[in-house]
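Since this is a predicted model, take the numbers as computed values, not measurements.
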Amino acid sequence: MKLLRTLLVDDNQAFLALSKHLLAPMPSVEVIGFGYDGFDAVRLAEELHPDLIIMDLVMPGMGGLQATRLIKAQERAPQIVIASYYDDAEHREHAAAAGADGFVGKNAYEAQISQFLAANLNR
């Protein structure tokens, strides 16, 4: 089983803690770092070379969509999942257009991130 080195990026520290807590029992996921905005996401993607980034859509400074575009332009781009409370078709389309590999609603985060991981673990 492949271990997904995962970077979590969100300006809400409580959500980062919750996400880490929900991912901890998953043997295929290792949380390797945290970022608080898109600038952190781009920098940490270059430094840590994660396999997966779970990133908020809306953050101060640089949001998740712009960060996704920049990260996906990197040589060894990781999978990126956008997580947002703005869970509607329009926001999902914008995330896909930016290059995100998935989108999960924060209101159903645990179930949706588990589904994404199960479907994409062996990519």
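Here CD of Q79 is found 10.0 Å from CD1 of I54. Values are rounded to the nearest 0.5 Å. Interatomic distance, CG of L7 versus CG of L48, reported as 6.5 Å (0.5 Å rounding). Here the CG atom belonging to L70 is positioned 5.0 Å from the CE atom belonging to M62, to the nearest 0.5 angstrom. Expressed to the nearest 0.5 Å, how far CG of L57 lies from CG of L65 amounts to 5.0 Å. Rounding to the nearest 0.5 Å places CG of D10 at 5.0 Å from CG of L16.
Of all heavy-atom pairs between G64 and M55, the closest is O-CE, 3.7 Å. For the pair P78 and P50, the tightest heavy-atom approach, listed with the atom from each and the gap, is CB-O, 3.1 Å. In terms of heavy-atom proximity, I82 sits nearest to A95 at CG1-CB, 3.9 Å. Considering all non-hydrogen atoms of both residues, A14 and N12 come closest at N-OD1, 2.9 Å. Nearest approach of G102 to F116, heavy atoms of both residues: CA-CE1, 4.0 Å. Smallest separation of non-hydrogen atoms from A41 and A67: CB-CB, 4.3 Å.
Hydrophobic cluster membership differs between V9 and V29, with clusters built from Ile, Leu, Val, Met, Phe, Trp and Tyr side chains linked at under 4.5 angstrom. Grouping the Ile, Leu, Val, Met, Phe, Trp and Tyr side chains by contacts below 4.5 angstrom, directly or via other members, places M59 with I71. Under the 4.5 Å side-chain heavy-atom criterion for grouping Ile, Leu, Val, Met, Phe, Trp and Tyr, I32 is connected to I80 within one hydrophobic cluster. Residue L117 is grouped with residue L18 when hydrophobic side chains (ILVMFWY) are merged at heavy-atom distances under 4.5 angstrom, including chains of intermediate members. When the side chains of ILVMFWY residues are joined at heavy-atom separations under 4.5 Å, either directly or via intervening members, F103 and V81 end up in two distinct hydrophobic clusters.
Here R92 pairs with D87 under the side-chain hydrogen bond (donor to acceptor under 3.5 Å, both in side chains) rule; sequence neighbours left out. Considering only residues two or more places apart in sequence or on other chains, F15 meets the ring pair (Phe, Tyr, Trp, His ring centres under 6.0 Å) condition with Y109. Listed by chain and number, the residues in a side-chain hydrogen bond (donor to acceptor under 3.5 Å, both in side chains) with D11 amount to none (sequence neighbours excluded). In this structure T6 satisfies the side-chain hydrogen bond (donor to acceptor under 3.5 Å, both in side chains) test with no other residue, sequence neighbours excluded. Scored by the side-chain hydrogen bond (donor to acceptor under 3.5 Å, both in side chains) test, D51 finds no partners at all (sequence neighbours excluded). A search for ring pair (Phe, Tyr, Trp, His ring centres under 6.0 Å) contacts involving H94 returns nothing, not counting sequence neighbours.
Screening residues 59-75 for side-chain hydrogen bond (donor to acceptor under 3.5 Å, both in side chains), with sequence neighbours left out, gives K72-D101. Listed by first and then second residue, the ring pair (Phe, Tyr, Trp, His ring centres under 6.0 Å) pairs involving residues 35-79 amount to none (not counting sequence neighbours). Here salt bridge (charged side-chain N to carboxylate O under 4.0 Å, His left out) pairs that include residues 16-43, with residues two or more places apart or in two chains, are D40-R43, R43-E47. Residue pairs meeting the ring pair (Phe, Tyr, Trp, His ring centres under 6.0 Å) criterion with at least one member in residues 53-80: none, sequence neighbours excluded. Among pairs with a residue in residues 53-63, those fulfilling salt bridge (charged side-chain N to carboxylate O under 4.0 Å, His left out) read D56-K106, at least two apart in sequence or across chains. Applying the ring pair (Phe, Tyr, Trp, His ring centres under 6.0 Å) rule to pairs touching residues 61-88 yields Y86-H91, sequence neighbours excluded.
Side-chain contact between I113 and L22 is absent, with no heavy atoms from C-beta onward closer than 4.5 Å. Proximity of L4 to M26: side-chain heavy atoms (C-beta onward) are nowhere separated by under 4.5 Å.
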**OP:** Step by step, work out the side-chain contact (heavy atoms from CB on, under 4.5 Å) result for L8 and L23.
**Re:** CA-CA 11 Å; L8 302 176; L23 295 171; 3.8 Å; yes
